[in-house]
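What follows is a single structure, written as structure tokens, with notes after it.
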There are 2 protein chains.
Amino acid sequence: MSEVRPARAHRHATASDVARLAGVSQSAVSRAFTPGASIARETRARVEDAARALGYRPNAIARSLTTRRSRIIGVAAAYLQNHFYPDVLEALSKGLQARGYHLLLFTPDAARDADPLLQEVLAWQVDALILASTTLSSALAGQCRAAGIPVLLFNRTSRHADVSSVTGENLRGGRLIAEFLVAGGHQRLAFIAGIENSSTSRDREAGFTGWLAEHGHAPPLRDVGLYDFESASAAARRLLSRPDRPDAIFAANDHMATAVAEVARHEFGLRIPRDLSLVGFDDTGPARWPSFSLTSFAQPLRPMVDAAVAMVCEMIENPAAPTRHQVIPGELMVRGSARMPPEGCVSRADALVWRPVRDQAA
Amino acid sequence: MSEVRPARAHRHATASDVARLAGVSQSAVSRAFTPGASIARETRARVEDAARALGYRPNAIARSLTTRRSRIIGVAAAYLQNHFYPDVLEALSKGLQARGYHLLLFTPDAARDADPLLQEVLAWQVDALILASTTLSSALAGQCRAAGIPVLLFNRTSRHADVSSVTGENLRGGRLIAEFLVAGGHQRLAFIAGIENSSTSRDREAGFTGWLAEHGHAPPLRDVGLYDFESASAAARRLLSRPDRPDAIFAANDHMATAVAEVARHEFGLRIPRDLSLVGFDDTGPARWPSFSLTSFAQPLRPMVDAAVAMVCEMIENPAAPTRHQVIPGELMVRGSARMPPEGCVSRADALVWRPVRDQAA
DNA sequence: CCGGTTCTTGCATGCGCATGCAAGCCTATC
DNA sequence: GATAGGCTTGCATGCGCATGCAAGAACCGG
């Protein structure tokens, strides 16, 4: 009477199984599945037949162990409520999938420290790490460097360590928005920051306030929205309740800008842009819908992601390469949420963009 | 003269390195990092010191090779433009991270077949597969079953193979919306479908038209929005251009419903709900914002994700368990986008829900 | 027909870790 | 003080695959 074995231990066929069936060595099987390996056409065919018969598929884990390349890239993405990041994630995933990489996703808590999570990811011998919405502690950056793991910051930079990055034109965008709003005749500007220690928010603010200061304008009002819808709504409420209510708000991203629009319209009965001009940053998602029609400095998704994919692949090829900070140029997309300056609007493709008059020649 | 080695091959410390430094065997190191293993307190401390000194971290790939458990779960998610899915992804990720699993993300092209991608994921010996917005070909379902890999469909069911699933109350939701709209006195109903062969859209439509038919009402108009913003906009344009323009539209999800709202308001100058009632499905994202204030049948994210996490873990523990189809109850969240019936609204927590009058007693 | 190439192939080994097994040690018990 | 039992530990092995090496096969030109 034969013992009953649970069917669950249905072991996957291995290269040796295939080799036995095909009457070749295990090495031959390995070579049959390694592009560019030296193997006779006929042998490969025999192996492929046997593999098909057994439903064999090379075990990626075992392969990674010997090749020391996992073809896995760790990706951290938080703030998925902000439409920008799902779009980034999808584009990144597709771009890297096309190059044979897979993404190990992890979602750090905005509040908590991302380090422990990142540690786990490092245990996976990832070929690289992309941080799409988290800053890297300098400790971790050091570990990655020591371990030779390329790290790319997406839409962030780090002042702690010199880590490569891809960003939009945060500084220039901030400056341009200041100039745009002033040119539109606004008197009382306000800025709603994202998370204080994020380089993105800092740079956008620095550009904004920097331009204003350089041109003799009063510093803008300021509140903090933490990149979060509810917090940004609260910030908007505070700003709009002031006796010296601002006539223009620049929110550090579109996600917060839509929150401001909702509060301004539905809680304060303001009309946009008649009573309040609103400018965002990212040019993505609902902000483009007619209901919001948000004027926003674009971070062009495709070029940014393409650059990120290229950089990551390059860093994997050549880990010794120096760090690079790539800045992807964007433009101020003019829509209906902010009063338009008398001049400077240029139509471009199917959109309207704004440039300072002095640059029109270009 | 010693040969110069490129520093890049900075090999990670291995368990043997740690063992040597700590003066123990490699097994001891392994046990020190295996919870529950038999190891003396003092030995563990020595190992931990040595590990710290060398920056050692167990290699997850090697570990998976021997344990035959990768603690990786493959997740397919497409349609990330639909706010529901990023939210799902984030919640799933957090829930599974908390249980020690990591997500290998892949984003099938909506258009193309997901099979080749899924094949790659299988090569990773994933412990399970969650399909959040893709249907599984029956071929692949068979392969997974043969390989003993649990599969869970999230917000989908499959008619081909019996694969476990977690869904909302698509059928009941569709019925309830029909009843709600009829109770609200609407005369010409319309339905905008998602992707035709998605169970989600089919079930919602079946509930909707089923209730109407059972109660002697004319079948609704119908168009297809493919779960896509642009396509849904086009569908809305076609429906709203008809001489017998519908006075109520049920869009198969909120993402499409917002598209309808945009078109109705900004292209047709209609007011919602005075000229047109609009109902969606999901109760998520921008649909909740005041600008849309969408009446929508809720798919409660948290319970759905919790159920999915629990089911996946259970399936991993016990692969022989029978397939289950878990349906998470939801409610019709009443907001401002649809004319309200004279009775049936019940306030519940901080929201308004609708139930047929006959159920009020419950 | 032979030496030399170019291709293929199998052998052996190792990637880094987990684990069954048996040996060693320590404590408790009588 | 002897024995049984429980804890720890190291040894040896294997997970599934890739790859350097050398042997063998096929082929070429002279």
Side-chain angles (χ1 to χ4, degrees), chain A residues 9-48 50-51 54-72 120 122-127 147-148, chain B residues 9-48 50-51 54-72 120 122-127 147-148:
Chain A
H10 223 196
R11 177 141 311 146
H12 236 73
T14 73
S16 302
D17 299 331
V18 176
R20 205 171 310 125
L21 180 59
V24 297
S25 74
Q26 178 261 316
S27 329
V29 176
S30 168
R31 291 191 176 101
F33 284 91
T34 305
S38 162
I39 187 170
R41 173 192 304 259
E42 193 222 353
T43 310
R44 157 168 283 138
R46 275 235 303 285
V47 169
E48 283 172 350
L54 296 177
Y56 169 76
R57 172 194 341 292
N59 180 328
I61 294 194
R63 170 176 289 177
S64 304
L65 190 60
T66 57
T67 59
R68 302 162 156 289
R69 303 193 70 210
S70 62
R71 300 204 74 82
I72 284 187
E120 293 178 37
L122 292 188
W124 276 99
Q125 315 292 106
V126 293
D127 288 347
Chain B
H10 223 195
R11 178 141 312 146
H12 236 72
T14 72
S16 302
D17 299 331
V18 176
R20 207 171 308 125
L21 180 59
V24 298
S25 73
Q26 178 260 316
S27 329
V29 176
S30 169
R31 289 196 251 265
F33 284 91
T34 306
S38 163
I39 186 170
R41 174 191 305 257
E42 192 222 355
T43 310
R44 155 168 286 139
R46 275 236 301 286
V47 169
E48 282 173 351
L54 296 177
Y56 169 76
R57 172 194 339 294
N59 180 328
I61 293 193
R63 170 176 287 178
S64 304
L65 190 61
T66 57
T67 59
R68 302 162 157 287
R69 305 193 69 209
S70 62
R71 300 204 75 84
I72 283 187
E120 293 178 37
L122 290 190
W124 276 99
Q125 316 292 106
V126 293
D127 288 346

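Reminder, nothing fancy here: chain letters follow the sequence lines and each chain counts from 1.
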Review point. What nucleotide, of D:dT8, D:dC11, C:dG10, holds the atom closest to the side chain of B:S27?
Key: D:dC11
Point to revise | Closest nucleotide among C:dG16, C:dC11, D:dC17 to the A:A62 side chain | key: D:dC17
Exercise for review: Round to a whole Å and report the spacing from CZ of B:R69 to C1' of D:dC15.
Suggested key: 16 Å
Point to revise | Non-hydrogen side-chain atoms of B:V18 and B:V47 separated by less than 4.5 Å | key: yes
Check your understanding: Starting at CZ of B:R46 and ending at P of D:dG10, how long is that distance when rounded to a whole Å?
Key -> 8 Å
Check your understanding: How would you label the contact of B:I39 with the nucleic acid (heavy atoms, under 4.0 Å): base, sugar-phosphate, or nothing?
Key -> sugar-phosphate
Check your understanding: Expressed in angstrom and rounded to an integer, what is the separation of A:R31 atom CZ from D:dC21 atom P?
Key -> 13 Å
Exercise for review: Tell me what B:V29 touches on the nucleic acid: a base, only sugar-phosphate, or nothing, going by heavy atoms under 4.0 Å.
Suggested key: nothing
Practice item. Give a yes/no answer on whether the side chain of B:R68 brings an N or O atom under 4.0 Å of OP1 or OP2 in D:dG16. Key: yes
**Study point:** Contact check, side chains of B:N59 and A:W124, non-hydrogen atoms, under 4.5 Å
**Key:** no
Study note, to complete from the structure: Among the nucleotides C:dC17, D:dT9, C:dT19, whichever has the atom closest to the side chain of B:A15 is C:dC17
Check your understanding: Is the shortest heavy-atom distance from the side chain of A:F33 to the side chain of A:P35 under 4.5 Å?
Key -> no
Point to revise | Short side-chain N/O contact from A:T66 to OP1 or OP2 of D:dA18, under 4.0 Å | key: no
Study note, to complete from the structure: Shortest non-hydrogen pair, A:S64 vs B:I61, comes out as CB-CD1, 3.7 Å
Exercise for review: Provide, to the nearest angstrom, the distance between the CZ atom belonging to B:R71 and the P atom belonging to C:dC17.
Suggested key: 18 Å
Exercise for review: In whole angstrom, give the distance that lies between atom CD1 of A:I61 and atom P of C:dC17.
Suggested key: 14 Å
**Study point:** Which residue lies more 5' along DNA chain C, comparing A:E42 with B:P58 via nearest heavy atoms
**Key:** A:E42
Check your understanding: Counting just side-chain N and O atoms, does B:S25 come under 4.0 Å of either OP1 or OP2 of D:dG10?
Key -> yes
Practice item. Please state whether the phosphate of C:dT8, meaning OP1 or OP2, lies under 4.0 angstrom from any side-chain nitrogen or oxygen of A:R41. Key: no
Point to revise | Gap between atoms CG and P, on B:L65 and D:dC17 respectively (whole Å) | key: 9 Å
Review point. Can you find a pair of side-chain heavy atoms, one from A:L54 and one from A:L21, that are under 4.5 Å apart?
Key: yes
Check your understanding: Within the structure shown, what part of the strands sits under 4.0 Å from B:S38 by heavy-atom distance: base, sugar-phosphate, or nothing?
Key -> base
Study note, to complete from the structure: Separation between NE2 (A:H12) and CG (B:L122), nearest 0.5 Å, reads 7.0 Å
Study note, to complete from the structure: Of the candidates C:dT9, C:dG14, C:dC17, the side chain of B:N59 sits closest to C:dC17
Exercise for review: Nearest whole angstrom, please: distance from the P of C:dG16 to the CG of A:L122.
Suggested key: 16 Å
Check your understanding: Given that A:F33 and B:Q26 both sit by DNA chain D, which one's nearest nucleotide is further toward the 5' end?
Key -> B:Q26
Point to revise | Atom-pair distance (CZ on B:R44; C1' on D:dT8), nearest Å | key: 12 Å
